[in-house]
Asker: 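Dropping the structure in here first, questions after.
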Amino acid sequence: MTIGKRIAQYFSRLGLREKILFSMLIAIMFISVAIAFVARYILVNSLTHELEMRGEAIAYSVAERGGSHILDNDVPQLLALIFDETRLHQRKHLVSYIFIENQAGEVLAHTLTRALPENLLTNRLSPGAQDSIKLLDLDGEPVYDLATAINEGLYRIGTVHVGLNKSHIDALVGKLRVAFLGFISGVIIITIFLSSWLTRYITRPVSDLTRLSDEIGRGNFDIPLKLGPDEDWDASRCPAFNNTDLPCWHFDQARGAASPGEEYRKCANCTFYRKHEGDEVVQLADSFRNMVWSIKLYRRRLRESEEKYRSLFDSGPDPIFVVDCETGEIRDANPRAVELYGYSRATLHGMRFVELGPDHNEKCLTFFAEGGSGCVYFPKQIHYKQGNEPFFVNMHACPISYRGHHAIIIAVTDITEMIEKDAQLIQASKMKSLGEMSAGVAHEINQPLNAIKMGSDFLYLMGEENADVPKEHFMEVVREISAQVDRAAEIINTLRSFGRKSDFMEERVDVNQPVRAVLSMLRRQFELDNIAFDLELVEGLPPVMAHSNRLQQVVFNLVANARDAINDTATPHDDVSRRRITIRTGAEEFMVFIEVEDTGSGIDEEDREKIFEPFFTTKEAGQGMGLGLAITYGIVKDYGGDIRIRGEKGKGAVFRMQFPAAKGVNRQ
């Protein structure tokens, strides 16, 4: 790993405060050093140039004043002149020596107390040049030798050399260097102080937000929310936190009411209504803490809501299941489901819901799996307890989201007792109907009994007289007796079937069969009452899933109702055309229908929605409680059918019952 990568890796591990501090420090140091180097370069060059110009000024001064002394060969004056120049002001620290040469290169005078070193004579002026500068060595000390021509008119008469002490120049430069180092150090110290304060100002809120985020990530929402230097928000002061039925005006009413009501006036002083003044970091802290507060508030509400609905789920009087829509498996079940179905909670969890009702539950799951929406009601379904004990239920299913999955919540109501009571009510109605049919049934049975009596008397008489009976006559009498016995047996079987309590399991039924069965018992009785039947039965109709016994009850109830309607408008002595009942069967699309039409009094428009209600009747008191049509309506609805009424007041009525045709597989 390269040094650059190591530095980058180490830098990435630092905290935000250290990163900001080091970044600012490095940037300021880089800028300061760059400025210092540039300033040093400019100042050192300027200082060196200034000192050189001062040395040249000394040389020109000596050259200007010493020309006459050279012409006069007045060496003492030259010495006095150059010694005065070296001692003037601070020049003694700057000027190391001054010496004068004549045109021949001979040294006329110098300021050194010893012999002039030969190396100082190496800085010669080239012909035509007026000055020259050269770095030389004087007793191990570097000096700048400035040579300037001494002219008299157009002619050079000598040369003056001024030696500038380079150590003095370096000392001045060193002082500048120290000054710049002090400046840079001061800038660095100030930068460190300001950076430390600034980074602490920035990173402290960020650190607090990080701490809050970590606590929230661990599920701890009970941490204090300190929003200012001396400000702590106490959740107990918030009415919406202690009573989740109240709104939090800062959040719940953000798009509604402008301010809380009088009874919640303290909400106006809520910490979250006041924005702290400051920069973006302060605003970020405010927003983050407001967010945490809202999460705490709504989390509390959600927890209370979950506890409330969990208590409703667990204490519900009816079984409730949560079923995965994709797999059809039970994900949850309440204690009532465990109690009713007899399975343990662990057994129910993961069991396929279809196993509880193989005959009906599949269509519930299919409905939602195929994209069905909204709640669906499935009445009178058969479910099985542990041990395959059947019972009847009503199911109410609604789609939900359960732990991120598409699921269904299904509420089940045990209606077995209600169905048994309905069956008892229907059975009681049947017994009443049997009582009403007794006269007609007796007449129907008397006819085959009379035929049997006549045949048996004939055979007895022939035997008593020892008369020969032709074989064909004998066989005819025996066949007639047998036929009449079969007819009586059929009437009795029909009567027994009608009076028998219905089974709970549906079967495929041809709707013509219950019509014929009822008429076999009632036709004669109705004919005695001068009421005729017209049958328009279509053969080969698709079967329906129902109970033949209960459909007989339906037909009987409608026929009995038609008889009462006819008797309300016509007397038994009226023309038979006014006392007729027409029964039709047929099929339209996927529905099979039975129509019962009468020539009675009809039904008022306002009564059509009421006639199927229990105990509603248009008869006078003491003539019945109106349960027949209510029972009829309930039976038809049980089989997925419907009843429609047509007709006008005074012109009879048409009751049309229609049922869905049975599918290829028996529906139970």
Asker: With no hydrogens and no angle check, just 3.5 Å: does a side-chain donor-acceptor pair link Ser548 and Glu507?
Answerer: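 On atom types as modelled, these side chains do not qualify, holding no pair under 3.5 Å.
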
Asker: Can you measure from CD (Glu329) to CZ (Arg352) and round to the nearest 0.5 angstrom?
Answerer: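 Output value for this atom pair is 7.5 Å.
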
Asker: Taking all non-hydrogen atoms of both residues, which atom of Asp510 and which atom of Pro514 are closest, and how far apart?
Answerer: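 Reported closest heavy-atom pair: O-CD, 3.1 Å.
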
Asker: Is it true that the NZ or CZ of Lys363 lies under 6.0 Å from the centre of Phe378's six-membered ring and within 45 degrees of the ring axis?
Answerer: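 Geometry flag: not set, cation outside 6.0 Å or 45°.
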
Asker: Starting at CZ of Phe353, measure out to CG of Asn361 and round the result to the nearest 0.5 Å.
Answerer: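 Spacing of CZ (Phe353) from CG (Asn361) equals 4.0 Å.
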
Asker: Arg578: what forms a salt bridge (Lys or Arg N to Asp or Glu O under 4.0 Å) with it, not counting sequence neighbours?
Answerer: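 Once residues adjacent in sequence are excluded, the partners of Arg578 under the salt bridge (Lys or Arg N to Asp or Glu O under 4.0 Å) criterion are Asp574.
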
Asker: Where does the angle between the aromatic ring planes of Tyr341 and Phe321 fall among parallel (under 30°), tilted (30 to 60°) and perpendicular (over 60°)?
Answerer: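 The rings of Tyr341 and Phe321 stand perpendicular, inter-plane angle above 60°.
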
Asker: Between atom CZ of Phe655 and atom CD1 of Ile643, what is the distance when rounded to the nearest 0.5 Å?
Answerer: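 That separation rounds to 8.0 Å.
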
Asker: Val544 and Leu551: which non-hydrogen atoms are nearest, and at how many Å?
Answerer: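 For Val544 and Leu551, the tightest heavy-atom pair comes out as CG2-CD1, 4.4 Å.
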
Asker: At what distance, to the nearest 0.5 angstrom, does CD1 of Ile583 lie from CD1 of Ile594?
Answerer: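 It comes to 8.5 Å.
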
Asker: Nearest 0.5 Å, what's the CD-CZ distance between Glu588 and Phe593?
Answerer: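 So the gap between those two atoms works out to 5.0 Å.
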
Asker: Using modelled atom types only, decide if a donor and an acceptor are shared between the side chain of His349 and the backbone of Arg331 within a distance under 3.5 Å.
Answerer: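 Yes; at least one donor-acceptor contact below 3.5 Å.
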
Asker: Can His383 and Asp414 be said to form a side chain to side chain donor-acceptor pair (under 3.5 Å), step by step?
Answerer: CA-CA 9 Å; His383 279 193; Asp414 183 4; over 6 Å; no

Asker: When you compare the side chains of Arg579 and Asn567, does any donor N or O come within less than 3.5 Å of an acceptor on the partner?
Answerer: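 On atom types as modelled, these side chains qualify, holding a pair under 3.5 Å.
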
Asker: For atom OH of Tyr377, is the number of surrounding heavy atoms from other residues, nucleotides or ligands below 6.0 Å larger than 12?
Answerer: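 Result for OH/Tyr377: enclosed.
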
Asker: Hey, which of Val554, Val555, Val596 is the one that makes side-chain contact (heavy atoms from CB on, under 4.5 Å) with Val515?
Answerer: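 Per the side-chain contact (heavy atoms from CB on, under 4.5 Å) rule, the option paired with Val515 is Val555, out of Val554, Val555, Val596.
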
Asker: Any chance you could measure Phe526, atom CZ, to Ile566, atom CD1, to the nearest 0.5 Å?
Answerer: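 CD1 of Ile566 is found 8.0 Å from CZ of Phe526.
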
Asker: Is a side-chain donor-acceptor pair under 3.5 Å present for Thr413 with Asn394?
Answerer: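 No, no side-chain donor-acceptor contact under 3.5 Å.
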
Asker: Check Pro399 against Gly374 and note the closest heavy-atom contact, atom names and distance.
Answerer: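 For Pro399 versus Gly374, the nearest heavy atoms are CD-O, 3.3 Å.
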
